[in-house]
Protein chains: 2
Amino acid sequence: MKDLINQIQIQVNEKVYIKDPNSSDLGKNIIAHSIKIIDEIGFEGFTFRKLAIVLNTKEGSIYRYFENKHKLLIYITSWYWGWLEYHLVFSTTNIPQPEERLKIAINTVARGHEDSEIFSFINLGALHRIVVSESSKAYLTKEVDRANKEGFYSGYKRLVGRISELVLEIEPNFQYAHTLISTIVEGILHQKYFADHLPSLTDIDHDDQKLAEFYCMMALATIKSSK
Amino acid sequence: MKDLINQIQIQVNEKVYIKDPNSSDLGKNIIAHSIKIIDEIGFEGFTFRKLAIVLNTKEGSIYRYFENKHKLLIYITSWYWGWLEYHLVFSTTNIPQPEERLKIAINTVARGHEDSEIFSFINLGALHRIVVSESSKAYLTKEVDRANKEGFYSGYKRLVGRISELVLEIEPNFQYAHTLISTIVEGILHQKYFADHLPSLTDIDHDDQKLAEFYCMMALATIKSSK
DNA sequence: CATAAATAGTAGTATTACTATCAATTATAG
DNA sequence: CTATAATTGATAGTAATACTACTATTTATG
């Protein structure tokens, strides 16, 4: 699996960047090191100046790739959702039972990364932590409508859409597939954050397996209750 | 009800502010107008300078009340959770059936404000929109652990705790009360945001009643499924 | 009416978030 | 292998942000 994964490239909406970071070494370093720095000091503390110093380059060079740090955040979170979607499609094909497919999907989201800790130059562990604690800042902004129109959130929307389809396979008359799945995906991220920082808001303590089980149980109970 | 509500004062952890904004006209204006400005231009665009200009005062005077704008955000969101808790306690007392109490609680969170649009000098409609789109930024920061230690999130935690207790009254052996309730509270906020900005992630379109019904159904199905 | 408290007014600093320009380096195409 | 295009490096500069500090003036209170 690892070998195969290294063959593919995750596509990110090209309007997110000025110059494709995959097209050069500097570009790849910008992605790799911004993930590292944001993971360490948080998105608010992260600046292109700090990144430039680490990369032994200048702010100006980074601005040739991304208009601002918010776009860079959209880039790396979109990349993550693209990667997860790839993973999801892979893990659910050839599973005949729709209920089983939904369970696998929820497990995929809850586990986040796993067998491939480093995907080419991207540290998936750090990226996953960023998604947990920073990804909602990609859309919780006054520019959300413009960004959405440009398609910046299509990766996330596609993922939610795909899992919602699995729900509809189980129960085609279920009216709340998107609400249920976006609640679960956001819920998984939040519960992980709460386990780390606000433990009284959760009952699941760093156990991705258990987290997945809870949300599977919740999903199936909710779907069936609607009949 | 409105008259009674105007009698009480919502308490916010006093470490959040330097000087109690309730103790002066300027303080109250800081709260009232920061809610207005954040609602209009978003938390990122909001600065103490802009607030000072609107209030015909100087940055320095605002800094005597709040160390920085992040603390002010914590203040106003804490205030909201305190207000909601008050509402919740009020609306669930004297209801004998635990299931009914849980339903009322979820409805209270989903409706957010309603019969009291303006609570003394606070515009609850604007505050509710801020809670929907900005409140998670109060804890999604690298300072979260320090802030949590200071008790800055106790209002939110108390609210989740209270509703979790209602869950346990229905089913004392349920293991995931906090996870379920924090998922629902966050879910309600997210679904409202999605309805406004990313509609493909939700099935509930600006209908607080329906939103509450969905999450009530989900809660009860999940609780019962665990038996 | 005195004096303490609060606010207004003015300055100033370090950092952020950029933009612009030109020189040096590196890639690529003929 | 060289011309030239593309990329990056280096330097500079601006407006805004996020503060801190100090003094003058106003307002409250005993």
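Numbered from 1 within each chain, the chains take letters A, B, ... in sequence-line order. Note that this is a predicted model, so its numbers are computed, not measured.
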Subject >> Polar side chain donor-acceptor pair, A/Thr183 to B/Tyr215, under 3.5 angstrom >> reply: yes
**OP:** Take atom CD1 of A/Ile62 and atom P of C/dT19, then tell me their distance rounded to the nearest Å.
**Re:** 14 Å
Original post:
In whole Å, what is the span from the OH atom of B/Tyr63 to the C1' atom of C/dA8?
Top reply: 17 Å
Original post:
Which comes earlier along DNA chain C counting from the 5' end, the contact point of A/Arg64 or that of A/Lys69, where each point is its nearest nucleotide?
Top reply: A/Lys69
Original post:
Taking 5' to 3' order, which nucleotide of DNA chain D is first and which is last to have an atom within less than 4.0 Å of a heavy atom in chain B?
Top reply: D/dT17 to D/dT20
Original post:
With no hydrogens and no angle check, is any side-chain donor or acceptor of A/Thr202 less than 3.5 Å from a backbone partner on A/Phe194?
Top reply: no
Original post:
How many Å lie between NZ on A/Lys19 and P on C/dA27, as a whole number?
Top reply: 12 Å
**OP:** Output yes when a side-chain donor or acceptor of A/Lys137 lies under 3.5 Å from a complementary backbone atom of B/Lys137, and no otherwise.
**Re:** no
Original post:
Ignoring hydrogens and geometry, is there a side-chain-to-backbone donor-acceptor pair from A/Asn148 to B/His197 under 3.5 Å?
Top reply: yes
Original post:
Side chain of A/His87, backbone of A/Gly112: donor and acceptor closer than 3.5 Å?
Top reply: no
**OP:** Grab the NZ-P distance between A/Lys71 and C/dA17 for me, whole Å please.
**Re:** 15 Å
**OP:** Would you kindly give the CD1-to-C1' distance between A/Ile53 and C/dT15, to the nearest whole Å?
**Re:** 12 Å
Subject >> Pairing of B/Lys210 and B/Asp205 as salt bridge, 4.0 angstrom limit >> reply: no
**OP:** Would you please confirm or rule out a distance under 4.0 Å between OP1 or OP2 of C/dA6 and any side-chain N or O of B/Tyr65?
**Re:** no
Original post:
If you measure only the distance, is there a donor-acceptor pair under 3.5 Å linking the side chains of B/Ser34 and B/Tyr75?
Top reply: no
Original post:
C/dC18 C1' sits how many Å from A/Phe66 CZ, rounded?
Top reply: 16 Å
Original post:
In terms of heavy-atom contacts, does NZ of A/Lys36 have more than 12 from other residues, nucleotides or ligands at under 6.0 Å?
Top reply: no
Original post:
Counting any heavy atom closer than 4.0 Å, what does B/Glu59 reach on the DNA or RNA strands: base, sugar-phosphate only, or nothing?
Top reply: base
Subject >> Heavy-atom donor-acceptor pair, B/Lys142 side chain to A/Phe43 backbone, under 3.5 Å >> reply: no
Original post:
How many Å lie between CG on A/Asp25 and P on C/dT26, as a whole number?
Top reply: 12 Å
**OP:** Taking only heavy atoms on the protein side, list every residue of residues 26-50 of chain B lying under 4.0 Å from any atom of DNA chain C, sorted numerically.
**Re:** B/Leu26
